[in-house]
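Structure first, then comments.
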Amino acid sequence: MALLTPLFAFLYHLPQVYKWLLKPYYVASLFMSIAFLAVRKTPGICDHLSTQREDGNSCDFDWREVEILMFLSAIVMMKNRRAITVEQHVGNIILFSKVANVILFFRLDIRMGLLYLTLCIVFLMTCKPPMYMGPEYIKYFSDKTIDDELERDGRVTWIVEFFANWSPECQSFASVYADLSLKYNCAGLKFGKVDIGRYGEVSKKYKVSASPLSKQMPSLVLFQGGKEVMRRPQVDKKGRAVSWTFTEENIIREFNLNELYQKSKKLTKTKGDNKLGLSQFPPVPEEEEPEQVGGEGEEPESKKDK
């Protein structure tokens with residue numbers, strides 16, 4: 001049963017995965033990932049390659065190449081244990097496959113290694129992974145709007161993601177965060193995002209490092225009354241991020257989203273009742289001045305004063 005569950009889940013999402021993998025970025029990445037395999041196994045090309053096999057068959061892997069590929073498989077399996085989305089799984093396979101290809105091509109021929117490395121650099125500079133474009137209930141902040149929005153209503157709880165577009169981890173987390181916003185967003189619990197790669201002042205103010213070597217991205221921060229209550233990942237006294245896995249289950253548990261959502265629904269209901277109460281009763285008419293009771297021919301007091 002433990003094996004059948006992920007298999008059924010994969011088959012259920014297969015049409016979506018198939019459509020997603022056909023995007024140009026992943027098609028090009030796939031060809032680059034299998035480049036060495038294609039060169040080593042293609043007749044007419046592999047015949048001219050060097051090999052360390054005892055039988056001299058240059059169209060098959062030698063023992064050192066098998067060793068490198070096995071080591072690659074072990075690294076990918078270790079990295080994918082922490083992956084939470086299909087994008088992360090595929091991204092890890094593509095990344096380490098390219099690294100292995102660089103090593104294998106340099107070992108085979110330094111000219112082929114330089115050519116493949118150049119292609120990888122050009123691909124990295126010109127092609128970006130497709131960003132998540134699905135449904136979400138998320139407000140995007142700038143450096144000028146984030147403070148005002150967080151402090152606008154002290155009854156509203158905000159969960160804000162600090163991210164950078166160039167970060168693969170942030171790109172993979174986008175669909176998870178969007179799904180949480182669809183499930184838990186309401187009048188008293190809102191979700192926001194701010195790109196600290198673009199707004200450096202926000203990064204400094206909220207102490208989220210935007211360095212490529214930092215492990216603080218993405219960072220989720222819970223605000224209540226405009227003040228920070230908690231964040232994940234946590235940062236130790238030395239300024240280093242404590243390792244934390246951004247799964248949907250971890251976020252729901254750590255941020256008490258179910259409890260926050262129930263409290264927020266009460267706030268929504270209270271706001272709705274107040275609006276309903278005002279609409280149920282007609283506006284009170286303005287009081288009219290009482291008629292003057294005086295003798296016949298006697299002017300009203302207001303005219304007498306004049």
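Index from 1, following the sequence.
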Are [X] and [Y] connected, step by step, through hydrophobic side chains (Ile, Leu, Val, Met, Phe, Trp, Tyr) whose heavy atoms are closer than 4.5 Å?
X    : Y    : result
V122 : L95  : no
V176 : L182 : no
L220 : V242 : no
I103 : W63  : no
L119 : I110 : yes

Lys/Arg N to Asp/Glu carboxylate O, [X] vs [Y], below 4.0 Å:
X    : Y    : answer
D143 : K204 : no
D148 : R152 : no
R53  : D55  : yes
K263 : E259 : yes

Considering non-hydrogen atoms only, spot the tightest contact between [X] and [Y] and give its length.
X    : Y    : answer
A178 : P135 : CB-O, 3.7 Å
T118 : L114 : OG1-O, 2.7 Å
S203 : A210 : OG-N, 3.9 Å
P218 : F246 : O-CZ, 3.0 Å
M217 : S211 : CE-O, 4.1 Å

Spacing of [atom1] belonging to [X] relative to [atom2] belonging to [Y], to within rounding of 0.5 Å:
X    : Y    : atom1 : atom2 : answer
F96  : S33  : CZ    : OG    : 12.0 Å
C59  : L49  : SG    : CG    : 7.5 Å
L222 : N256 : CG    : CG    : 9.0 Å
S73  : I68  : OG    : CD1   : 12.0 Å
Q234 : S243 : CD    : OG    : 11.5 Å
K98  : L124 : NZ    : CG    : 7.5 Å

Compare all side-chain heavy atoms of [X] with those of [Y] and state whether any distance is below 4.5 angstrom.
X    : Y    : answer
T51  : N57  : no
Y116 : V102 : yes
M32  : C120 : yes
Y184 : N258 : yes
I159 : L180 : no
K183 : E248 : yes
F105 : L117 : no
L150 : V160 : yes

request  = Could you label the plane-to-plane angle of the F162 and Y206 rings as parallel, tilted or perpendicular, counting under 30° as parallel and over 60° as perpendicular?
outcome  =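 It falls in the tilted class, 30° to 60°.
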query = Can you tell me if Q224 and R155 form a side-chain donor-acceptor pair at under 3.5 Å?
reply =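 No.
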message = Side chains of N250 and T247 only: does a donor on one sit below 3.5 Å from an acceptor on the other?
response =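 Distance-only check passes for N250 and T247.
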message = Walk me through whether F255 and R232 qualify under side chain to side chain contact (heavy atoms under 4.5 Å, CB included).
response = CA-CA 9 Å; F255 287 85; R232 292 293 183 273; 4.0 Å; yes
Contacts table for residues 187-199: side-chain donor-acceptor under 3.5 angstrom, sequence neighbours left out:
residue: D195; atom: OD1; partner: G197; partner atom: N; Å: 3.0
residue: D195; atom: OD1; partner: R198; partner atom: N; Å: 3.4
residue: D195; atom: OD2; partner: N165; partner atom: ND2; Å: 3.2

message = Please report whether the ring centroid of Y25 lies less than 6.0 Å from that of F123.
response =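 So the answer is yes for these two rings.
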request  = Check the pair F141, V202 against side chain to side chain contact (heavy atoms under 4.5 Å, CB included), reporting the backbone distance first and the verdict last.
outcome  = CA-CA 10 Å; F141 299 126; V202 177; over 6 Å; no
Given 3.5 Å as the limit, does a donor-acceptor pair link the side chain of [X] with the main chain of [Y], or not?
X    : Y    : value
R40  : S58  : yes
S181 : Y137 : yes
T145 : S142 : yes
S219 : Q216 : yes
N101 : F36  : yes

message = side chain to side chain contact (heavy atoms under 4.5 Å, CB included), that's the test. Do S50 and L108 meet it? Break it down for me.
response = CA-CA 7 Å; S50 61; L108 187 64; 3.8 Å; yes
Steps toward salt bridge (Lys or Arg N to Asp or Glu O under 4.0 Å) verdict (E65, R107) = CA-CA 9 Å; E65 292 169 349; R107 181 177 174 274; 3.7 Å; yes
Derivation and outcome, side chain to side chain contact (heavy atoms under 4.5 Å, CB included), residues I75 and V99 = CA-CA 11 Å; I75 294 295; V99 172; over 6 Å; no
message = Counting only heavy atoms not in K207 (residues, nucleotides, ligands), do more than 12 fall under 6.0 Å from its NZ?
response =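 Counting neighbours around NZ of K207, 12 or fewer heavy atoms of other residues, nucleotides or ligands fall under 6.0 Å, so no.
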